[in-house]
Amino acid sequence: MVVELKNIHKWFGDLHVLKGIDLTIRENEVVVIIGPSGSGKSTLLRCINFLEIPQKGSISMNGRVIHAKKHDINAVRRDVGMVFQHFHLFPHKTVLGNVIEGPTQVKGIPKAKAEKEGLELLEKVGLSDKAEAYPSMLSGGQKQRVAIARALSMNPGVMLFDEPTSALDPELVGEVINVMADLAKDGMTMAVVTHEIWFAKEAAHRVVVMDEGQIIEEGPPEVIFSDPKEERTRQFLQQVM
Ligand code: ADP
Ligand code: MG
């Protein structure tokens, strides 16, 4: 899937949070978005699946402009997987129940088929043995891997990750990042907000740096992390590297 953002502006009241973002995420590309807290990274991701509606600019997917109407938005949400900092699992459903919820309820896939595919996804994220467990019995890293499997269950064309490891204990970060790196290797189109620089170095094709609602620079990880052009990028990297 190709996602193209053109001149995206978002205001919350008087607060101008996104100030003309132009960004294309290419087919099979992994784009890592970094930048200080409050720079608009989450808002940008949320615009891509229309959890927020930009007041200006256009978003297109595979060349087709998406309009903020119910029909288009529902179609986009089916095709854009999102993983948040907090896991948002259904606490009263089992792990497998969480994973098959979208396919059965939204796509109308028969339960047996959804379960078979769900188990394959759980295997992919290393949780085959937890299918019948409830979220409360899992570690944060396991919960986040369930959330990834659940997003993948809709067979999305692009996956968005918003600081998926920042609520985790440090020793649990690796298991989630490794699942994301596997997805990247499989050719998933991804936009990832993260401060895990080693993920960006290993998996990103391009790093985009945001500050105060704008993209201030972008480039391949080996350039951004060792020889950034912008002083603001240097300052930010000093804090996270
Ligand atoms: P980041 O993810 O880079 O930390 P955000 O996109 O979360 O940045 O936030 C950018 C700015 O927009 C911040 O100043 C934040 O307080 C503000 N903001 C985000 N969401 C809302 C909202 N729903 N209502 C009002 N202000 C918001
Ligand atoms: Mg954020």
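Residue numbers count from 1 along this sequence.
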Exercise for review: Under the salt bridge (Lys or Arg N to Asp or Glu O under 4.0 Å) rule, collect the residues that match up with K229, sequence neighbours excluded.
Suggested key: none
**Study point:** Any residue meeting salt bridge (Lys or Arg N to Asp or Glu O under 4.0 Å) with D72, in chain and number order, not counting sequence neighbours
**Key:** R64
Check your understanding: Taking 4.0 angstrom as the limit, do E101 and R150 come out as a salt bridge?
Key -> no
Check your understanding: Quick one: ring-ring contact (aromatic ring centres under 6.0 Å, His included) pairs with a partner in residues 165-224, sequence neighbours left out?
Key -> H195-F236
Check your understanding: Are I25 and I48 side-chain neighbours, meaning at least one heavy-atom pair lies under 4.5 Å?
Key -> yes
Exercise for review: Mind jotting down which residue pairs meet the ring-ring contact (aromatic ring centres under 6.0 Å, His included) criterion with at least one end in residues 28-75? Sequence neighbours excluded, please.
Suggested key: none
**Study point:** Residues which pass salt bridge (Lys or Arg N to Asp or Glu O under 4.0 Å) with R78, listed by chain and number, not counting sequence neighbours
**Key:** none
Review point. Would a distance-only check, ignoring hydrogens and angles, find a side-chain to backbone donor-acceptor pair under 3.5 Å from Q144 to T165?
Key: no
Check your understanding: Is there side-chain contact between V3 and V80, with at least one heavy-atom pair below 4.5 Å?
Key -> no
Exercise for review: Kindly say whether T189 contributes a backbone atom to a donor-acceptor pair with the side chain of N28 at under 3.5 angstrom?
Suggested key: no
**Study point:** Whether F84 and H88 hold their rings parallel, tilted or perpendicular, with breakpoints at 30° and 60°
**Key:** perpendicular
Check your understanding: If you count the non-hydrogen atoms of other residues, nucleotides and ligands that lie under 6.0 Å from CD in E123, is the total more than 12?
Key -> no
Check your understanding: Rounded to the nearest 0.5 Å, how far apart are CG of L5 and OG of S58?
Key -> 8.0 Å
Exercise for review: Calculate, to the nearest 0.5 Å, the distance between atoms CE and CG belonging to M210 and L18 respectively.
Suggested key: 5.5 Å
Check your understanding: Just by modelled atom types, is the V125 backbone N or O under 3.5 Å from a matching donor or acceptor in the R145 side chain?
Key -> yes
Check your understanding: What distance do L121 atom CG and S128 atom OG have between them, rounded to the nearest 0.5 Å?
Key -> 10.5 Å
Exercise for review: Would you confirm whether D79, through its side chain, and P156, through its main-chain N or O, come within 3.5 Å as a donor-acceptor pair?
Suggested key: no
Review point. Which heavy atom of I100 sits nearest a heavy atom of A114, and at what distance?
Key: CG2-O, 3.4 Å
Review point. Salt bridge check: are K116 and E120 linked by an N-O gap of less than 4.0 Å?
Key: yes
Point to revise | L89 backbone acceptor or donor facing K143 side chain under 3.5 Å | key: no
Check your understanding: Would you find a donor on one side and an acceptor on the other, under 3.5 Å apart, between the side chain of K56 and the backbone of K19?
Key -> no
Check your understanding: Under the salt bridge (Lys or Arg N to Asp or Glu O under 4.0 Å) test, which residues partner K10, sequence neighbours left out?
Key -> E52
Review point. Would you say N98's side chain and K93's backbone share a donor-acceptor pair under 3.5 angstrom?
Key: yes
